[in-house]
Number of protein chains: 2
Amino acid sequence: MTGDDEPATRMNWRDFEKDPLPPLLRTAVQTFVAHGYHGTSTRTLAAAANMSVPGLYHHFASKQAIIVAIMDHAMDDLWRRSDAALAEAGSDLDQQLRLHVECLALFHAHRKELAFLAATELRSLEPVARARHIAARDRQERMLVEILRTGTAHGAFVVADPRQAARAMITMCTGVSQWFDAAGPLSAAQIAEDYAGYAERIVRR
Amino acid sequence: MTGDDEPATRMNWRDFEKDPLPPLLRTAVQTFVAHGYHGTSTRTLAAAANMSVPGLYHHFASKQAIIVAIMDHAMDDLWRRSDAALAEAGSDLDQQLRLHVECLALFHAHRKELAFLAATELRSLEPVARARHIAARDRQERMLVEILRTGTAHGAFVVADPRQAARAMITMCTGVSQWFDAAGPLSAAQIAEDYAGYAERIVRR
DNA sequence: CGTCGGACCGAGCGAGCGTTCGGTAGCCTC
DNA sequence: GAGGCTACCGAACGCTCGCTCGGTCCGACG
């Protein structure tokens, strides 16, 4: 082991060019978003990927494994982006908050289907995967709580309850995945900037 | 017709004593929250209500009719409460915003299962009911947008995009239904007050 | 040239699904 | 006390579900 918490080259957390998801999972994401996990049959999944049902089972052990792969990818992608955003902010607490919220909003706009599933299909995961997903969600939440707590301790922010404020900010960003429209009047970048502003105002002295 | 947009006695929108939902629907809400609409069978629904499957079909025409009754009740209850809150606020714009957000947060805390379903099971509704639910959601959103727009026009608030700010506030409150715990350290009333504060800060001059 | 393994498919398995049929038990009315 | 109503239930219908069996095709390798 080499202590891998500081990768040599950090990802560009603002880059959403293409999602490296294999085509089968990409079509599965869209189908699950439209009808939900239990509302989608393996036949529908196979048809969406231009494949037979056994063809699908060649790549994944079960329908459950498909949703698990999607959810894991979502949580991993968000975590790596927000980790990179924190690194970019350095020790400036205001900047840490701004970039974290910007990162959250960008993710929920650019990866809206993925983010929607991550928020919606928790209950469709079997116990092991569910526990893992909850842990990832909690770790993600803790990152923002820590920013708010440190900022409050150093007098940069005024927050009565950092955990509650973090939840308000996170669910505010989560909501973006429900209504964002790439063809709409607001770009993801504009929304992210506005949301960073909302977060700042919530904690302003 | 007597012009019924001003009922003689308005409901007390802060009172959440008991939900007037019949027992069958009450148990259905909990089961749907746990497993989702498509993840719940009519046999499970019947067992949760201590009933046989035909017994369940005596009260509702179909499984779909059960979810529709629940969703309609949720949207109607929220609408009547926020309507009453607006009436209580009178013409004071700051108060309109405060009470509206307080009402939203209270609803999503006290009726967390109901609110969770309303936000989550839209895609499980068949076209007619779905259209009705979307219309109700839009009407609900428009109410807050109007408050923000009027407040901005009168110089009470500073909001670049009322629609976007309204969505941020609404999804912030929607999130309460995902993590609120009646046995937790924060009461619904405390949360509602904090959230009204967040909303105020977002639009503050 | 042979055979090996990855990528896939048609057909079908048992289980569970939403729904319905033909009842029964208890109560109220005339 | 006959008839009708509400509130149910056991059994089963036709269908779809997740999943698997026993293949075929095809490019890579020796």
Side-chain angles (χ1 to χ4, degrees), chain A residues 19-73 117 120-133, chain B residues 19-73 117 120-133:
Chain A
D19 197 345
L21 226 44
L24 195 160
L25 288 185
R26 206 189 308 267
T27 58
V29 165
Q30 293 181 314
T31 316
F32 282 145
V33 165
H35 308 108
Y37 176 74
H38 288 296
T40 304
S41 71
T42 54
R43 290 172 234 291
T44 307
L45 245 22
N50 261 105
M51 213 178 250
S52 68
V53 172
L56 185 151
Y57 275 85
H58 176 73
H59 296 280
F60 291 90
S62 63
K63 181 185 166 188
Q64 176 72 199
I66 294 174
I67 235 273
V68 167
I70 291 170
M71 302 279 271
D72 282 355
H73 171 71
L117 285 187
T120 280
E121 295 294 353
L122 219 192
R123 63 185 170 194
S124 304
L125 294 180
E126 281 161 19
V128 174
R130 175 151 69 234
R132 187 152 28 88
H133 189 83
Chain B
D19 197 344
L21 226 44
L24 195 160
L25 289 185
R26 205 188 308 268
T27 58
V29 165
Q30 292 181 314
T31 316
F32 282 146
V33 165
H35 309 107
Y37 176 73
H38 288 296
T40 303
S41 71
T42 53
R43 286 150 186 52
T44 306
L45 245 23
N50 261 106
M51 211 178 250
S52 69
V53 173
L56 186 150
Y57 275 85
H58 175 72
H59 295 280
F60 292 91
S62 64
K63 182 184 166 188
Q64 176 72 199
I66 294 174
I67 236 272
V68 167
I70 292 170
M71 303 279 272
D72 282 355
H73 171 71
L117 285 187
T120 280
E121 294 295 352
L122 221 190
R123 63 187 170 192
S124 303
L125 295 180
E126 281 160 18
V128 174
R130 176 152 67 236
R132 188 152 26 91
H133 189 83

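Below, each value reflects all heavy atoms present in this structure, side chains not excepted, and no hydrogens, waters or symmetry copies. Numbered from 1 within each chain, the chains take letters A, B, ... in sequence-line order.
Nucleotide C/dG16 holds its P atom 15 Å from the NE2 atom of B/H35, rounded to whole Å. Look at CG on A/N50: it is 15 Å from C1' on C/dA7, rounded to the nearest Å. For A/M51 and C/dG6, the CE to P distance is 16 Å, given to the nearest whole Å. Atom CD in A/Q64 sits roughly 9 Å away from atom P in D/dC19 (whole-Å rounding). To the nearest angstrom, C1' of C/dA7 lies 12 Å from CG of A/L24. Atom CG in A/L45 sits roughly 8 Å away from atom P in D/dG18 (whole-Å rounding). With rounding to whole Å, A/L56 atom CG is found 14 Å from D/dC17 atom C1'. If you take CZ of A/F60 and P of D/dT20, they are 16 Å apart, rounded to a whole angstrom.
In the set D/dC19, C/dT19, D/dC8, D/dC19 carries the atom at the smallest distance from any side-chain atom of A/K63. Of the candidates D/dA7, C/dC21, C/dA11, the closest approach to any side-chain atom of A/P54 belongs to C/dA11.
Side-chain contact between B/D19 and B/H73: present, with at least one pair of heavy atoms (C-beta onward) separated by less than 4.5 Å. Proximity of A/T27 to A/M51: side-chain heavy atoms (C-beta onward) are nowhere separated by under 4.5 Å. Proximity of B/R132 to B/L125: side-chain heavy atoms (C-beta onward) are nowhere separated by under 4.5 Å.
A close approach under 4.0 Å does not occur between any side-chain nitrogen or oxygen of A/H59 and OP1 or OP2 of C/dG6. Phosphate proximity of D/dC17 to B/H38: absent, as no side-chain N or O sits under 4.0 Å from OP1 or OP2. Between C/dC8 and A/H58, no contact under 4.0 Å exists linking OP1 or OP2 to a side-chain N or O. Here B/S41 reaches the OP1 or OP2 of C/dC17: one of its side-chain N or O atoms lies under 4.0 Å away. Applying the 4.0 Å criterion to OP1 and OP2 of C/dG18, one finds that B/T42 has a side-chain N or O inside that range.
A donor-acceptor contact under 3.5 Å is formed by the side chain of A/R43 with the base of D/dG18.
Between the OG1 atom of A/T42 and the CD1 atom of A/I66 there is a distance of 8.0 Å, given to the nearest 0.5 Å.
Side-chain atoms of A/Y37 come within 3.5 Å of backbone atoms of A/Q64 as a donor-acceptor pair (strictly under, hydrogens ignored).
Within the nucleic acid shown, A/T40 comes within 4.0 Å of sugar-phosphate atoms alone, with no base atom in reach, counting heavy atoms only.
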